[in-house]
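Below is one structure; the comments refer to it alone.
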Amino acid sequence: MSAVTNSGICVKEVRIRNFRSLKSIDVSLSRLTLLIGPNNSGKTSFLEALFAAMGAGKRNLNSDDIYIASEESKPPYERSILIDVLIRPTDDSGNVCDSFPQGSYWLNLWGGGIAQDDKDNDFMAFRTRLTWKQEKGEYNVDRQFLKQWLSDSSNIEAIVTTDGISAKQIEPMALHLLNARRDIDEDMRHQGSYWRRITNDLGLSEEDTKKFEGMLNAINEGIVGNSEVLKHLKSTLGNLDSVISGEKNSIELSPVARRLRDLTKGIDIHFATKGAQPFPLIRHGMGTRSMASVLVFRAFMQWRTLRAKDDDSLHPMLALEEPEAHLHPQGQRALYNQIRQIPGQVIISTHSPYVAAHTDCADLRSFQKNASETSVTGIDVSGIKEEDLKKMKWKVLNTHGDMLFASALVLFEGETEEQQFPVYAKRYWNRDHNELGISFIGVGGAGGYLPFLRLVKGLGLNWYIFSDAEQDALNKMSAALKDKYIDINDYTKCPNVITLTHGQDIEAYLIEGYTDAIEAVLNHCNKSNNYIADYINDMTGKKGKGGKKRDYKSDHDGGKERALSDILKEGKTKYADAIAHEIVSLVDESRRIPRRIRDLFDQMAKDIGVAEHSEEKMV
């Protein structure tokens, strides 16, 4: 069975105004769209707004859904919820085309609801609107076709609407919503579930039905006839006819359902893990049951698509909330591949970096909350080379997918910063950086910034750079920032780019101001009273980087500074974390966070609204 069925249409864009935190958002959709962002950023609200507009089921808009600004106690009556949906025709390959072909099912279904844009391209768009009706003293929901779809969406309230769109005209592309609480056990017991809908009619002929029901009757008679317990129960329950008017011998026991229509209600799924006995899915963990629920929906939509009549068409639409729920990382990756096989369009909201890593960058939509409003951004990949897109996906998403859910992220060159910055952040905010949603990411050298920057800029994430001041490092960082997708020509005027000074790298910067702390760590880690002197004595005359012999003793300071630099660069994994902990524990409070790192945190605190802790809170 084909995984992706071309229905002849696609839902191209959704515009929402005044729905909960979604005051004003425009979201373009692809075949498979992934919604990412922190908790409470509006992802679920988007899915529920779309379900209210075109859902396969009941989800009524009401006054509780109207956007309320932070200074308001209730929304004004003149504020309306608008949910506009744009549908475009597609060709046999699923690509958007200019017009609906003559005789198209959709052309016949929507008739005069199909319009043309300013380029004479066909589209169908409709609006779901919640408005206050003064004459009725209540809110009212209506749905109408749109005669226009403006590229500038700043004034969509002025778009002209036409005739109302009926439920029948929406049903073939109705959205199915699977929330995070899905459970195959609940599905099998709930009358309206996809499991019950697909199993209600087994598709057997009348002849086969009679034959199998005869077998079921024989099985029941055999079980009861050979069970002393059941015969005893049947005899005792037979006394009902003496109390309640009934036929003599009207009691029948059915250990097994006698009718196929009843038998389907008792269908169970048995599943065996490797090397174990099979047992019912309801006794498996929530991860397995949640995954099974998604796969049942996939089976339902594939079967429904396959069984569609020649004169009908169907555009399956699924909104899936947190498919990763209860699954281990490998299971999350495997489930995503299963989701790809669901026909039609799929919209997924997720908090999983493993799911995000398997998504094309162009399909990501980032939801970010600022006070009471949500903004949504996506990456414009037009003009980005295929090779660069692969770097964004495999170098960034595959290894640092958690950055997509950060409230702020700091990019730097390497290992020393990666180990030390979480320690300084803990001292600065008196909270773990993960509690604040901050990610610290090493890009693998000064030449590694660009794929990270393209991703974070495109998704509207809060980003910062902390750079060494070596000229080569500054040149490479500057070149990345000047990329046309980043468009920062002078990093010195960019407040979220912090650099060291005087040509220093991070090791030289720490040596300049924290020799005492570094020496204390070296002595402790190497159980020495004067490790730097021991190192100079041992290493002088031996080959260093590039094969050149080391000569520390000819330096003006006896080689101490250069030896410290070599030690720190050679032992980043060994010393970086310990040095940071030593620095934040210094008696002099003013030295507990290096000055340029404090400058970075001050800027971040200003931007994300979380101030530095007070000394009274320090632990």
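Index from 1, following the sequence.
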[X] and [Y]: side chain donor to acceptor below 3.5 Å:
X      : Y      : value
Gln332 : Tyr336 : no
His351 : Asn39  : yes
Gln368 : Ser366 : yes
Asn526 : Lys574 : yes
Arg298 : Gln338 : yes
Glu321 : Thr44  : yes
Thr492 : Asp490 : yes

So, [X] side chain and [Y] main chain: donor-acceptor pair closer than 3.5 Å or not?
X      : Y      : result
Arg365 : Ala362 : yes
His328 : Gly331 : yes
Ser528 : His524 : no
Arg79  : Tyr67  : yes
Thr540 : Asn537 : no
Thr515 : Ile511 : yes
Lys390 : Lys395 : no
Arg596 : Thr499 : yes

Legend entry - Ring-ring centroid check Phe452 Trp463, cutoff 6.0 Å: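 No, the ring centres sit 6.0 Å or more apart.
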Inset, instruction - Would you check if the distance from the ring center of Phe421 to the ring center of Phe412 is below 6.0 Å? - result: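 Distance test on ring centres: under 6.0 Å, yes.
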Pairs where [range] contributes a residue and the test salt bridge (charged side-chain N to carboxylate O under 4.0 Å, His left out) is met, not counting sequence neighbours:
range            : answer
residues 600-611 : Arg595-Asp602
residues 454-468 : Asp388-Arg454, Arg454-Asp483
residues 515-539 : Asp516-Arg591, Glu519-Lys560
residues 399-421 : none

Any non-hydrogen side-chain atom of [X] less than 4.5 Å from a side-chain atom of [Y]?
X      : Y      : answer
Lys43  : Ser41  : yes
Thr33  : Ile348 : no
Glu48  : Arg20  : yes
Ile347 : Leu318 : no
Asn18  : Asp65  : no
Arg550 : Lys543 : no
Tyr509 : Tyr514 : no
Leu35  : Thr350 : no

Legend entry - Stepwise side-chain hydrogen bond (donor to acceptor under 3.5 Å, both in side chains) test for Ser554 and Asp551: CA-CA 6 Å; Ser554 62; Asp551 180 15; 2.9 Å; yes
Quick check: closest heavy atoms across [X] and [Y], and the distance to 0.1 Å?
X      : Y      : value
Ala469 : Leu500 : CB-O, 3.1 Å
His581 : Val584 : O-CG2, 3.3 Å
Ser349 : Leu47  : OG-CD1, 3.9 Å
Val610 : Ala605 : O-CB, 3.0 Å

Inset, instruction - Check step by step if salt bridge (Lys or Arg N to Asp or Glu O under 4.0 Å) holds for Glu507 and Lys569. - result: CA-CA 7 Å; Glu507 286 79 20; Lys569 289 177 180 178; 5.2 Å; no
Inset, instruction - Using a strict cut-off of less than 4.0 Å between a Lys/Arg side-chain nitrogen and an Asp/Glu carboxylate oxygen, indicate whether Asp64 and Lys74 qualify as a salt bridge. - result: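 Lys74 and Asp64: not salt-bridged.
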Inset, instruction - Go through the structure and list residues passing ring-ring contact (aromatic ring centres under 6.0 Å, His included) with Tyr575, not counting sequence neighbours. - result: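 With sequence neighbours excluded, Tyr575 shows a ring-ring contact (aromatic ring centres under 6.0 Å, His included) to no residue whatsoever.
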Legend entry - Trace of the salt bridge (Lys or Arg N to Asp or Glu O under 4.0 Å) decision for Asp432 with Lys426: CA-CA 5 Å; Asp432 187 273; Lys426 180 68 178 293; 5.7 Å; no
Inset, instruction - Give every residue pair that meets the side chain to side chain donor-acceptor pair (under 3.5 Å) criterion with at least one member in residues 438-451, sequence neighbours excluded. - result: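 Checked against side chain to side chain donor-acceptor pair (under 3.5 Å) - neighbours excluded - no pair reaches residues 438-451.
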Inset, instruction - Show your working on salt bridge (Lys or Arg N to Asp or Glu O under 4.0 Å) between Asp472 and Lys476 and close with a plain yes or no. - result: CA-CA 6 Å; Asp472 181 61; Lys476 289 178 178 177; 3.3 Å; yes
